[in-house]
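So you know, we letter chains A, B, ... as the sequences are listed, proteins then strands, and number each from 1. Values reported hereafter were calculated over all heavy atoms of this structure, with side chains retained and with hydrogens, waters and symmetry mates removed.
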Amino acid sequence: MTSSDRVFQNNHLRHREGLTTVSHDWTMVKAGSLVEKQTLVTIDADATVEDACEVLLKNGITSAPVYDSVKKMYVGMFDYGDLMTYLLLLLKKMDVPLEDQTMEMRDLIQRTSRSQNVPVKLASDLSGKDPFCTVLEETRLGAVVHDFGTGIHRVAVMDSEGNMKGILSQSSTLDYLMRHLSEYPQLQPVMQKSLQQCGLSNGRVLSVNGDEKVLDALISMSTNSVSSLAVLDDQGVLLGNISMTDIKHIMKNLRTSWLWITCFQLVCKIRLSQGVESGEDQYPVLDVNAKSTFGYTLSKLQATKAHRMWVVNDSGCAVGVVSLTDVFRVLSRLIDIDD
Amino acid sequence: MGSDLDRQIQTLLQCKIITEAEVKDLCLKAREILVEESNVQRVDAPVTVCGDIHGQFHDLKELFKVGGECPKTNYLFMGMGTVARYVFSVMLSIEIDLPGDFVDRGHHSVETFLLLLALKVRYPDRITLIRGNHESRQITKVYGFYDECFQKFGSANVWRYCCEIFDYLSLSAIIDDRIFCVHGGLSPSINTIDQIRTIDRMQEVPHNGAMCDLLWSDPDPDSCTGWGLSPRGAGFLFGESVAKPFLHNNGLELIARAHQLVMEGYKLMFDEQVVTVWSAPNYCYRCGNVAAILEVDSNLNREYRIFKDSDRSSMNSRTNPQREGPPDYFL
């Protein structure tokens, strides 16, 4: 056991000792309780895509529900994936066959070709991934986790009157589970398993060479329907990561010239500016290895607020990836086994 | 040798680079000195302890004004912060979102590092340099030092010579057996100072393990569990419940470290038993922070000196406006 694993285990045990905890079933926690204290941020359906972007940036969030005040209803979600699709359509780097185009998409394409402003209602859920998904306050975490395991990144939690209480994301759910781990002893066994034992230690690594242009990486992400790519050098060594949320750095003050720098340069730029903003520099790669435990991987995801950990071998080459979706797929398998 | 080295020091003091051949020679000499030093280098008080400089050359000169010239003042640098934040944007001639994107600013990591190294070779007992997280091949490729070396010398050779020197730098220092100095912080793998002495340090900073932790960890005043994984992706967060026993078991009265920006220049934690010393004023010429150095006298009394950015640095930040707007070639 590495010292990191020991630290993780000791922390967990320390929580358990001397505490009178009622043995909760984590799958029975209500979705509503996880968003109780949330301040909901919404985007007006008629705001421009650029303004919608500002809302995400200003609030430090990756998605927000879009509200149509005329129809008096939520019409979808807007996230960085949609923004990326919008940019690619705008730059004519993406071809959607006519028969696959929704009315909104056709309208959007026409407006962009006329250089007209695009209202965000046309761009919401544009990427086709992560459709607007709702659950009720009473919906149990077991069901939500099942959704997360299929690739849904967030769900909107509604009350019985149809009002939105908050957004429950994969990240915030992970954070909750890790904070309350001592209350859920059913989760202990899986935390001790290695990634290899969980079947997560190798898999297809979608990557881009550090010298390729950022725009080409975005096109590749869109084509492959993934939210990130490993940035590798010529030997396959992991240099960093490029993800859809990085598009927020590109959109800041419309610095679209960043689309034409190399992926490695983007990794550097982001690290440099984040280091200044937070006053502490981050390690350029966020990784684990096949022998790392599931619990350690989750702790690292929680601590770094990352959405994935790359699995590397002894030479530093990326051999797999553990995304939040993978994490929840493993957790939802536990529920199926218990049943 | 002496006069050559003095001449090189004079050149570097003017923020000018020496030749590649001179760098190679300087590094060879530095290696001979550093290889003899311990993982926990013993330093005698009085000494002035500094955090890393982050390539802010003119602020290093400001530091020498405030703390006294080397070798008159005995110095200890907890890392060099070989970071060059502006270089590669300049190389690409594209806009960056940090204020004042023009050639002159902040990219003097090479001159800063070479000056400190030259002073080490010239006055080996009057200046101690320990390794920081930036003194690493992987990190210097991401944080601009590699690009700066390439830009100023036309090849990767100087970068390689510097990286070899990084491998020889001590991991920590101890002042009169009472004040422990390290760039980052503590490690769950290390309970005693003696354990640090057993580390094989002459290698690239590993991605995890004791040597990595010493250079990457941070104290966490809010910690309730003692140890936590670091949000940086390397090293750990350590709380009071870990720091105090370490100090007690090793007979220490203070742990001094750098690694994190402090607006007030220095920050005391854990009943003043751990201090962060930050020596880069107005960090990146926009954070508006002050810098600090820690003066330890021969009785181990401690005094913190605060200083602001040099006139020249702040003049740069005033006269150059921030460019805005998308470039012409978009769409």
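- In this structure, B:Asn39 contributes its side chain and B:Ile199 its backbone to a donor-acceptor pair below 3.5 Å.
- Between chain B and the options A:Gln274, A:Lys300, A:Glu280, heavy-atom pairs under 4.5 Å are most frequent for A:Glu280.
- Taking the six-membered ring for Trp and the full ring otherwise, B:Phe145 and B:His134 have centroids separated by 6.0 Å or more.
- Using non-hydrogen atoms only and a strict 4.5 Å limit, the part of residues 303-313 of chain A facing chain B consists of A:Ala303, A:Thr304.
- Looking at B:Ser223 and B:Glu240, their side chains never bring a donor and an acceptor atom within 3.5 Å of each other.
- A:Asp175 and A:Ser172 share no donor-acceptor pair across their side chains, judged by distance under 3.5 Å alone.
- For chain A, no part of B:Asn289 is nearby; none of its heavy atoms comes within less than 4.5 Å.
- Taking 4.0 Å as the cut-off between side-chain N and carboxylate O, A:Asp51 and A:Lys58 do not count as a salt-bridged pair.
- Remark: A:Glu212 pairs with no residue by the salt bridge (Lys or Arg N to Asp or Glu O under 4.0 Å) rule, at least two apart or across chains.
- Side-chain N or O atoms of B:Arg257 include one that pairs as donor or acceptor with a backbone N or O of B:Gly184 at under 3.5 Å.
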